[in-house]
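See structure below.
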Protein chains: 2
Amino acid sequence: MRTDETDERIIGCLLRDARSAYADIGAQVGLSAPAVKRRVDRLRAGGLITGFTALVDPAALGWTTEAFVELYCTGRTSPDAIRSAMADQPEIIAAYTVTGEADALLHVRTRDTAHLETVLERVRMAPFVQQTKSVLVLSRLIDRR
Amino acid sequence: MRTDETDERIIGCLLRDARSAYADIGAQVGLSAPAVKRRVDRLRAGGLITGFTALVDPAALGWTTEAFVELYCTGRTSPDAIRSAMADQPEIIAAYTVTGEADALLHVRTRDTAHLETVLERVRMAPFVQQTKSVLVLSRLIDRR
DNA sequence: GGTGAAACCTGACTGAC
DNA sequence: GTCAGTCAGGTTTCACC
């Protein structure tokens with residue numbers, strides 16, 4: 001997948017506002033609206049843009065607790081086993097296998113610490129989980145996703 | 001900010017595809033296009049929806065390295081000092097102050113490990129940084145942002 | 001990459017609860 | 001008063017050249 005500077009600028013516009021009109025983007029990058037749409041379609045087909053989504057503020061809905069949870073597993077637990085055990089919990093917004101002592105890292109969002117506790121309990125119910133280590137988020141300093 | 005079940009379903013549609021037409025969303029939730037737009041406008045005004053963005057796959061652009069970096073700082077370094085020292089590095093896609101031994105947690109994305117090393121060097125250049133502890137991401141198991 | 005038909009967005013207005 | 005539907009206008013999108 002090849003990409004030029006105009007593509008990058010179009011992506012930049014879409015990152016700022018994914019619902020902006022193609023004509024607006026075209027005005028910023030010096031292209032007509034159809035030309036912009038063609039490039040966006042190409043970027044989607046090429047897998048560079050995987051989709052468009054709304055940014056929802058969880059805090060505005062009362063979800064004020066955020067944590068990272070290290071998972072320590074038995075023997076050689078497969079990543080797939082971890083995924084399938086965690087996938088049914090919507091509070092787990094991201095999960096990674098990682099280097100270091102822990103086997104996996106969970107990114108969790110809950111309404112409050114009590115809610116977090118129930119999530120942790122369910123996480124620990126997976127038979128391969130030996131130990132969890134949680135780190136609470138106090139504040140977000142940077143958010144560039 | 002009050003929200004009902006229809007609002008939730010509209011948000012669900014927008015999370016799946018932020019560029020879908022209001023008429024399409026309306027068809028899914030049983031509302032007309034103008035009614036959907038009114039609700040979306042209200043959700044944006046209420047701060048629940050903070051914006052719309054494109055989902056870009058960094059791996060497709062050759063950014064294959066992802067890491068979490070714990071920051072250990074001197075004395076009582078203010079969160080604001082950490083933010084301003086890290087904000088100029090686009091490779092840091094998120095930063096949090098956290099509980100536990102570390103003072104902050106950085107979420108970093110780079111092209112490769114060599115690139116990560118240069119980022120870590122610049123991070124360590126901040127005068128308040130005593131130590132960093134990095135954890136490399138091996139694979140993403142879940143991604144629900 | 002630029003042009004017309006079709007679809008979409010978005011105001012104001014009207015009616016129902 | 002609140003919320004949804006209808007309609008008209010201007011705008012955006014998409015197949016075609």
Side-chain angles (χ1 to χ4, degrees), chain A residues 1-64 90 93 109 111-112 115 143-145, chain B residues 1-63 90 143-145:
Chain A
M1 172 105 219
R2 217 164 43 80
T3 157
D4 65 7
E5 205 226 321
T6 304
D7 289 325
E8 310 263 347
R9 289 175 64 196
I10 290 172
I11 291 172
C13 292
L14 288 171
L15 286 173
R16 279 196 304 280
D17 181 9
R19 272 197 87 87
S20 61
Y22 289 136
D24 289 347
I25 299 170
Q28 288 179 59
V29 303
L31 241 56
S32 70
V36 173
K37 191 196 180 297
R38 260 193 298 273
R39 280 171 177 265
V40 172
D41 287 345
R42 195 176 60 88
L43 292 169
R44 293 196 70 166
L48 216 144
I49 295 176
T50 56
F52 301 101
T53 192
L55 296 170
V56 175
D57 181 13
L61 253 169
W63 286 52
T64 54
I93 56 174
R109 266 197 171 282
R111 284 186 294 275
D112 47 44
H115 185 191
D143 192 357
R144 264 197 267 271
R145 47 182 173 177
Chain B
M1 171 103 219
R2 216 163 43 78
T3 156
D4 65 7
E5 206 227 321
T6 305
D7 290 324
E8 309 265 346
R9 289 175 64 195
I10 290 172
I11 290 171
C13 291
L14 288 171
L15 287 173
R16 278 196 304 280
D17 181 9
R19 276 198 83 89
S20 59
Y22 290 136
D24 288 346
I25 298 170
Q28 287 179 58
V29 303
L31 240 55
S32 69
V36 173
K37 190 201 179 294
R38 267 192 294 266
R39 280 169 177 266
V40 173
D41 286 345
R42 195 175 60 88
L43 291 168
R44 293 197 71 166
L48 216 143
I49 295 175
T50 56
F52 301 100
T53 192
L55 295 171
V56 175
D57 181 13
L61 253 170
W63 286 53
D143 192 357
R144 266 198 266 271
R145 49 186 173 169

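Below, chains carry the letters A, B, ... as their sequence lines are ordered, and counting in each starts from 1. All values reported here derive from a predicted model rather than from experimental measurement. Values below: all heavy atoms of this structure, side chains included; hydrogens, waters and symmetry mates excluded.
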List the steps, then state whether salt bridge (charged side-chain N to carboxylate O under 4.0 Å, His left out) holds for Asp4(B) with Arg39(B).
CA-CA 10 Å; Asp4(B) 65 7; Arg39(B) 280 169 177 266; 3.0 Å; yes

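- Within 4.0 Å of Arg42(B), counting heavy atoms only, lies no atom of the nucleic acid at all.
- The structure places CD1 of Ile10(A) at 9.0 Å from CZ of Arg42(A), a figure rounded to the nearest 0.5 Å.
- If you take CG on Leu61(B) and CG on Leu48(A), they are separated by 4.5 Å, rounding to the nearest 0.5 Å.
- With rounding to the nearest 0.5 Å, the separation of CD1 in Ile25(B) from CG in Leu14(B) is 4.0 Å.
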Between protein and nucleotides 5-12 of chain D, what N or O pairs are separated by less than 3.5 Å?
from	atom 1	to	atom 2	distance (Å)
dG5(D)	OP2	Ser32(B)	N	2.8
dG5(D)	OP2	Ser32(B)	OG	2.9
dG5(D)	N7	Arg38(B)	NH2	3.0
dG5(D)	O6	Arg38(B)	NH1	3.0
dG5(D)	O6	Arg38(B)	NH2	3.2

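- One interatomic measurement links the two molecules: CG of Leu14(B) to P of dC9(C), which rounds to 11 Å at whole-angstrom precision.
- A salt bridge is absent between Asp7(A) and Arg2(A); no separation between the charged side-chain nitrogens and carboxylate oxygens falls under 4.0 Å.
- At whole-Å resolution of the value, CD1 in Ile25(A) and C1' in dT13(D) are 13 Å apart.
- A cation-pi arrangement, defined by a distance under 6.0 Å to the six-membered ring centre and an angle within 45 degrees of its axis, is absent between Arg109(A) and Trp63(A).
- In this structure, Asp4(B) atom CG and dA4(D) atom P are separated by 8 Å, rounded to whole Å.
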